[in-house]
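What follows is one structure encoded as structure tokens, with my remarks underneath.
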Protein chains: 2
Amino acid sequence: MSGTRALQKEKTRQAIINAALAHLSADHSFSSMSLREVAREAGIAPTSFYRHFDDMEALGLTLVDESGVTLRELMRQARSRIELKGSVIQTSVDTFMEFVERNPNIFRLLLRERTGISPAFREAVAKEIEHFKEELSEYLAQESNYNPQLAYTLAEGLVTLVFNAGAEALDMEPEERKALKERTILQLRYLTLGAQQAVKLESDTAKEAS
Amino acid sequence: MSGTRALQKEKTRQAIINAALAHLSADHSFSSMSLREVAREAGIAPTSFYRHFDDMEALGLTLVDESGVTLRELMRQARSRIELKGSVIQTSVDTFMEFVERNPNIFRLLLRERTGISPAFREAVAKEIEHFKEELSEYLAQESNYNPQLAYTLAEGLVTLVFNAGAEALDMEPEERKALKERTILQLRYLTLGAQQAVKLESDTAKEAS
DNA sequence: TAATACAGCGTACAATTGTACGCTTAACTA
DNA sequence: TAGTTAAGCGTACAATTGTACGCTGTATTA
């Protein structure tokens, strides 16, 4: 393998993927995209598409997978930034928003297919977001003295808030986006603060009882 | 007006709307629905559709509007339940989840078109959710001593968390759903608790400064 | 009662869609 | 080198789509 043949195949495969990604935009979703459109954009005959994917759904799942890779890199980036700069929440939100601004189409893909028509898609996206939650959950449990359950609940809340803010930011002007960002940061602070408070209240009552 | 003629017209109009609503499901979204499908389901000729709506988008916006009515009734219901039972958060979440379970298709419509292809749709849904945020915001400001800004930020966070939980609940088994509900309630508590804490911290430092 | 308005229908057409089928041609294998 | 494999193409076809156009029959209006 890895001969001229396989190489060329991989090349057109990428062409298809890129064509699909390129066609994503505010008013063009993956589900509203036809096989022929993708083929046209990729510069191949419609029927050649089948040499690479069973159908559009298969291509879509590949796209979701690829965007998962991008997302995980995002997390790594955020982590190293946090080590440099300190403020966890601020840095995380900044990094995430930067990602959304730079890859609006990938984000839109996840956003739409999360609630889309295809169960396979929904599941795939849910899995990607789950990754996010679990990584953050571990981080929180390690960093602070949350028990695993509380850490997960907190992480889930944080991810939900950030992810949603990203979704809303897509349609916004820069200044509006800035205000949203600030509110989001506050919400994350409140959530974290409240969780800490809950831990404290629990341990206080435990002490009183002893 | 209100003659036989106008009455019949209103009747078929409702038939169209109902047909569209009926066709919404987990694997059939409004955007993937054709004019002809709706017409078929409504028992009219495809071309007759135009006697009532300019195009599918116009019908969609009407649906969003109608679901807004349902949502607002939901809020009213929640409020009267709270007066009866007391626990604000628990009751709100219960009521909301009940709504989602009872009107999954309406909820799916909002969920999907919120991030959909049509700017008009996105805006319409955003507006409905905004209603939610603002009503809750007012309620919070009145009930507690939050300033308007903080109240809004808090309300936004709460609505985001609940709405999202509803979205995830759609695909879940009852027991999984129950666990989600419990986590959501915790998240709402933390958020509220954190906001109160923030207010307290502020007023404490203000006192020290004086 | 005569004239008008209009909801609903059927026909028609051009686009577009997914995909079955068989061919070509270049890379691979033995 | 001879035989095989398979990526990519073109043709073809049946479905389906949105919608333009003109007709019909009935409720409304004058």
Side-chain angles (χ1 to χ4, degrees), chain A residues 1-25 27-63 112-113 116-121, chain B residues 1-25 27-63 112-113 116-121:
Chain A
M1 48 185 104
S2 99
T4 319
R5 185 76 154 258
L7 217 111
Q8 174 56 28
K9 177 160 189 182
E10 181 55 30
K11 212 169 147 189
T12 39
R13 191 189 133 98
Q14 270 305 323
I16 293 175
I17 291 178
N18 291 337
L21 279 178
H23 244 52
L24 289 174
S25 73
D27 34 40
H28 211 121
S29 76
F30 182 79
S31 26
S32 78
M33 202 159 113
S34 75
L35 185 153
R36 284 177 113 104
E37 262 179 305
V38 183
R40 219 177 297 137
E41 188 88 0
I44 59 170
T47 48
S48 301
F49 179 94
Y50 295 107
R51 301 287 182 201
H52 302 271
F53 300 97
D54 277 357
D55 48 28
M56 283 295 284
E57 171 153 304
L59 169 59
L61 290 177
T62 304
L63 290 188
R112 283 173 176 154
E113 303 312 330
I117 257 180
S118 150
F121 269 32
Chain B
M1 47 185 105
S2 101
T4 319
R5 186 77 154 254
L7 217 109
Q8 174 56 28
K9 178 161 189 182
E10 182 54 29
K11 210 170 152 189
T12 39
R13 191 189 133 99
Q14 270 304 322
I16 293 175
I17 290 177
N18 290 338
L21 279 178
H23 244 52
L24 288 175
S25 74
D27 34 41
H28 213 119
S29 75
F30 182 79
S31 25
S32 77
M33 206 160 111
S34 75
L35 185 151
R36 285 176 112 105
E37 262 178 305
V38 184
R40 220 177 296 137
E41 188 88 359
I44 60 169
T47 48
S48 300
F49 179 94
Y50 295 108
R51 301 284 182 205
H52 302 271
F53 300 97
D54 277 356
D55 48 28
M56 283 295 284
E57 172 152 304
L59 169 59
L61 291 178
T62 303
L63 290 188
R112 284 175 175 151
E113 303 313 331
I117 255 181
S118 149
F121 269 33

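Since the model is a prediction, treat every value here as computed from it, not as a measurement. Atoms considered below: every heavy atom in the structure, side chains included; atoms not considered: hydrogens, waters and symmetry mates. Numbered from 1 within each chain, the chains take letters A, B, ... in sequence-line order.
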Among C/dT17, C/dA27, C/dA7, which nucleotide sits nearest the side chain of B/Arg51? C/dA7
Tell me which residues in residues 9-23 of chain B lie within less than 4.0 Å of DNA chain C, going by non-hydrogen atoms. B/Lys9, B/Thr12
Output the single nucleotide from D/dG18, C/dT19, C/dA27 whose closest atom is nearest the side chain of A/Thr4. C/dA27
Could you pull out all donor-acceptor pairs under 3.5 Å where a side-chain atom in residues 13-24 of chain A meets a protein atom, sequence neighbours excluded?
from	atom 1	to	atom 2	distance (Å)
A/Asn18	ND2	A/Gln14	O	3.3

When the distance from CD of A/Gln8 to P of C/dT25 is rounded to whole Å, what number comes out? 17 Å
Could you state the OH-C1' distance from A/Tyr50 to D/dA6, rounded to the nearest angstrom? 18 Å
C/dT16 OP1/OP2 closer than 4.0 Å to side-chain N/O of A/Arg40: no
Write down the distance between NE2 (A/His52) and C1' (D/dA6), rounded to a whole number of angstrom. 11 Å
Spacing of OG belonging to A/Ser31 relative to CZ belonging to A/Arg112, to within rounding of 0.5 Å: 7.5 Å
Which atom of A/Phe30 lies closest to which atom of A/Glu113, heavy atoms considered: CB-OE2, 3.7 Å
Expressed as a whole number of angstroms, how long is the span from A/Leu35:CG to D/dC9:P? 13 Å
How many Å lie between CD1 on A/Ile44 and C1' on D/dA7, as a whole number? 10 Å
Supply the atom-to-atom distance B/Lys11 NZ to B/Thr4 OG1, rounded to the nearest 0.5 angstrom. 11.5 Å
Mark yes or no for whether B/Glu37, through its side chain, and B/Ser34, through its backbone, hold a donor-acceptor pair below 3.5 Å. yes
Between C/dA20 (P) and A/Asp54 (CG): distance, integer Å: 11 Å
Restricting to non-hydrogen atoms, name the atom on A/Ser32 and the atom on A/His28 that form the minimum distance, rounded to 0.1 Å. OG-CD2, 3.8 Å
Anything under 3.5 Å between a donor and an acceptor, one on a side chain of residues 41-51 of chain A, the other on a protein residue two or more places apart or in another chain? List them.
none

A/Glu57 CD to C/dT19 P, in whole Å, measures 12 Å
With the criterion being N/O to N/O and under 3.5 Å, what pairs connect the protein with nucleotides 1-5 of chain D, and how long is each?
from	atom 1	to	atom 2	distance (Å)
D/dT5	O2	A/Arg5	NH2	2.9

Whole angstrom is fine here: how far is it from CG in B/Asp55 over to C1' in D/dT19? 11 Å
Suppose we screen for side chain to side chain donor-acceptor pair (under 3.5 Å). Which residues come up paired with B/Ser118, at least two apart in sequence or across chains? B/Glu57
Heavy-atom closest pair, residues B/Leu59 and B/Val38: CD2-CG1, 4.2 Å
Quick one, give me the B/S/- string for nucleotides 10-15 of chain C, reading 5' to 3', where B means a protein heavy atom under 4.0 Å from the base and S means that only happens at the primed atoms, P, OP1 or OP2. B-B---
Return the CZ to CG distance between A/Phe53 and A/Leu61, rounded to the nearest 0.5 Å. 10.0 Å
Out of D/dG8, C/dG18, C/dC9, which has the shortest distance to the side chain of B/Ser48? C/dC9
